[in-house]
Amino acid sequence: MRKQLSLVCFLAVAQLLFAQKKPITTPVYKDAKAAINTRIADLLQRMTLEEKAGQLNQLNGGVFTGPAVNDAGQMGKVQMVREGKIGSFLNVTGVKETRNIQKVAIEESRLGIPILFAFDVIHGYKTIFPIPLAEACSWDLPQIEINSGIAAKEAAAAGLHWTFAPMCDISNDPRWGRVMEGAGEDTYYGSLVAAARVKGLQGNLDDVSHILSSVKHFAAYGAVEAGREYNNVDVSRTALWNKYLPPYKAAVDAGAATVMNSFNVVDGVPASASHFLVEEVLKKKWGFKGLVVSDWGSFGEIIPHGYAVDEKDAAYKAISAGSMMDMESKVLVKYLPQLVKEGKLTMKQVDDAVSRVLYFKFKLGLFDDPYRFSDEARETATLFSAANRAEALKAARSSIVLLKNQNNILPLKKTSRIALVGYYAKSKEDMFDFWIANGSANDAVSVQEGLQARFGKGSVDYTPGYKADASTDDRLVSDAVASASNADVVIAVVGISGKLAGEERSLANINIAEGQVRLLKALQQTGKPIIVLVNSGRPMVLTQIQDLAGAIVQCWILGTETGNAVTDILTGAYNPSGKTVMSFPYAVGQIPVYYNHFNTNRPAPETGDGAWKSRYRDIPNNPLYPFGYGLSYTTFDYSGLQLSNAQMDKNGKVTVSVSVKNSGSYDGEEVVQLYIRDITASVVRPVKELKGFRKIWLKAGDSETVSFVLSGKDLSFYDGDGNVKLEPGKFKIFVGGDSKNTLEVPFELK
Ligand code: NOJ
């Protein structure tokens with residue numbers, strides 16, 4: 001018995017010792033203390049080819065198709081998660097929903113690889129900020145970064161890890177509905193805005209307040225012909241390098257985690273399959289280490305472009321070009337394993353793509369805590385908080401651009417009796433655009449509500465004036481006229497529905513609708529001062545209404561705080577400081593019209609005889625309002641533009657200074673803009689190029705000397721192969737309050 005007992009003891013001890021010596025059962029990829037690269041390598045060697053293809057597969061769920069887990073229609077996708085065939089979802093939002101799916105991935109799939117949840121959080125998640133185009137008109141980079149930071153914070157609190165923003169496409173075409181998503185027509189400014197947005201969205205990616213950003217649409221999608229969505233692009237290499245690529249590069253340099261392919265072709269090759277764009281420019285030249293995701297279906301759409309014969313060929317071409325994750329065309333999940341087995345693609349190519357997906361899952365801490373972004377209490381506390389709304393109000397005020405203010409009819413007097421006219425002044429749905437993430441129009445403050453809150457209900461008489469489709473009739477017009485007759489001032493909101501801003505919202509006609517013009521003409525007959533507010537996600541042609549209003553305020557699409565921001569502007573509680581970042585065309589036929597064009601062989605004179613010059617016979621060459629333009633309730637005078645030296649060598653620096661005086665009677669802000677022109681170069685350069693700006697605040701009567709330092713970098717450009725050129729020669733330097741009205745001095749690079 002004793003012998004038996006000691007044998008049992010011996011065996012138990014031996015077992016214990018043996019157990020201690022046994023290798024740790026937790027796989028390395030699950031070891032939070034191991035380095036990310038070690039974890040990725042460990043995981044890759046455990047994955048089947050099918051599981052690797054699964055990580056590159058991003059599918060739509062949720063928002064457009066109903067709850068992902070509970071809806072029977074989604075059951076197929078849940079089963080795919082179980083089988084490791086989905087690496088990422090887009091459009092599944094909210095803590096509850098994302099958590100449900102994550103649970104399946106973690107607990108029921110073989111390797112328990114977490115899912116990345118992505119969504120188009122374009123200008124806010126629940127607290128909706130001004131559309132990006134409007135926000136850019138603030139010229140306030142710190143505020144822009146804050147706005148993106150709040151969008152990220154709310155999205156991250158709602159279970160999301162990734163947004164498809166910022167859009168860095170430079171565009172000269174307001175017919176394109178997506179100009180609302182960018183930062184306008186200027187490459188230099190667009191680059192700064194892109195970087196600010198990336199920083200705001202991502203932070204250092206080491207907390208639960210930030211999310212991955214995706215720079216899009218790579219590349220040159222803003223050049224779609226005639227502003228038609230999904231249309232072709234045909235740009236020269238010099239335009240690509242100098243005009244279109246820099247903002248994407250700035251975003252990548254700011255640390256953007258992911259880049260989205262564009263739908264269009266570049267140089268005859270669909271961007272998703274462009275080895276030149278993805279491998280050569282993005283990865284090799286710019287050193288991008290992040291993830292490249294297709295646009296919706298863009299891998300599959302390589303076929304209709306005429307560049308791949310079938311889905312398998314499309315999958316092959318996308319991966320060969322260096323693209324990685326497939327949003328919704330499902331060609332990788334179907335064909336990638338086969339392509340590797342047939343030796344067409346190498347395991348190295350696949351592993352490179354998959355490891356970049358895994359990297360961000362590790363980086364966000366999802367392997368160690370898959371539900372890090374899924375905290376209901378945080379979701380409730382963060383979304384639509386008072387602090388977030390306060391920032392949205394600041395952002396909205398500084399986005400508004402005052403285009404006209406004849407006889408200083410603005411700001412309004414406190415005692416004004418207002419005739420508020422216009423369907424869009426009340427209809428919250430029309431004040432919201434297409435990209436509103438989880439925002440709700442009902443949560444927004446309308447122009448009517450904003451004005452009533454400040455002036456009292458009895459002082460704001462509302463009539464619609466036109467219908468939802470902007471048409472009108474005799475009754476609507478006469479009601480508005482009657483209201484105007486009893487008021488001190490008319491505020492008329494015109495433009496287009498916010499719902500016509502965004503993807504797949506191209507318009508050939510961007511004139512103010514006939515019904516609205518008719519309404520304004522009738523209102524003008526009352527002799528009352530007329531203030532027009534333009535509600536639109538793009539610059540519209542305002543030429544027909546230019547003389548029908550004493551004041552014109554471009555309000556864009558301002559989001560949650562619309563009514564409060566507009567009221568602050570109209571009352572002068574906030575002095576307008578926005579300057580447009582897109583030219584307002586004089587007529588649709590003038591498009592594309594932009595300030596940084598080339599001079600042409602036959603430039604038309606500003607005034608006088610334009611015969612046989614580059615001109616229109618029926619309209620001016622100049623836009624109605626140029627890039628950089630915007631009024632304040634005060635005025636600014638520029639004088640004494642000077643250079644520290646009139647010549648500089650390639651490694652030198654020159655200081656440009658100018659005196660700016662607030663010559664009016666209100667304190668206010670001014671965006672002081674510096675432009676250059678390279679007179680002669682080996683690649684023709686624009687007549688003006690923005691190279692610096694300062695937003696300054698000046699008390700009425702005060703002056704300030706504003707200085708800029710220029711170096712070789714500011715005077716250089718790219719040749720068609722993407723080489724930086726800095727060429728000696730003559731330049732001009734301009735400083736002013738917009739791109740048209742500037743002081744100028746000559747300058748020479750030795
Ligand atoms: C297509 C759009 O072009 C892109 O910008 C967007 O991010 C994706 N759809 C996902 O919704």
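Indexing begins at 1, ligand by ligand and atom by atom, following the structure's order. Only heavy atoms go into these numbers, but all of them, side chains included; no hydrogens, no water, no symmetry mates.
Pairs passing the side chain to side chain donor-acceptor pair (under 3.5 Å) check and including a residue from residues 190-200, sequence neighbours excluded, read E135-R197. Applying the side chain to side chain donor-acceptor pair (under 3.5 Å) test to pairs two or more places apart or on separate chains, those with a residue in residues 243-255 are D169-Y248, N172-K243, K249-D253.
Taking distance alone, with nitrogen or oxygen atoms compared against 3.5 Å, H217 approaches ligand 1 more closely than that limit.
Counting heavy atoms from C-beta on, the side chains of E328 and L59 come closer than 4.5 Å.
Within the listing of ligand 1, atoms 7 (O) sit less than 4.0 angstrom from a heavy atom of F164. The K216 neighbourhood of ligand 1 comprises atoms 4 (C), 5 (O), 6 (C), 7 (O), with distances under 4.0 Å to a heavy atom of that residue. Interface atoms of ligand 1 facing D295, defined by a heavy-atom separation under 4.0 Å, are 1 (C), 2 (C), 3 (O), 4 (C), 6 (C), 8 (C), 9 (N). Near D120, meaning under 4.0 Å from any of its heavy atoms, are these atoms of ligand 1: 6 (C), 7 (O), 10 (C), 11 (O).
When non-hydrogen atoms are compared, ligand 1 lies under 4.0 Å from neither the backbone nor the side chain of N91. Counting heavy atoms closer than 4.0 Å to ligand 1, residue E503 contributes side-chain atoms (C-beta onward) but none from N, CA, C or O. Proximity of R178 to ligand 1, defined as any heavy-atom pair under 4.0 Å, is confined to the side chain (atoms from C-beta onward).
Between F584 and W556, the angle of the ring planes lies from 30° to 60°, which puts this pair in the tilted group. Ring planes of F276 and W241: perpendicular class, angle over 60° (limits at 30 and 60°).
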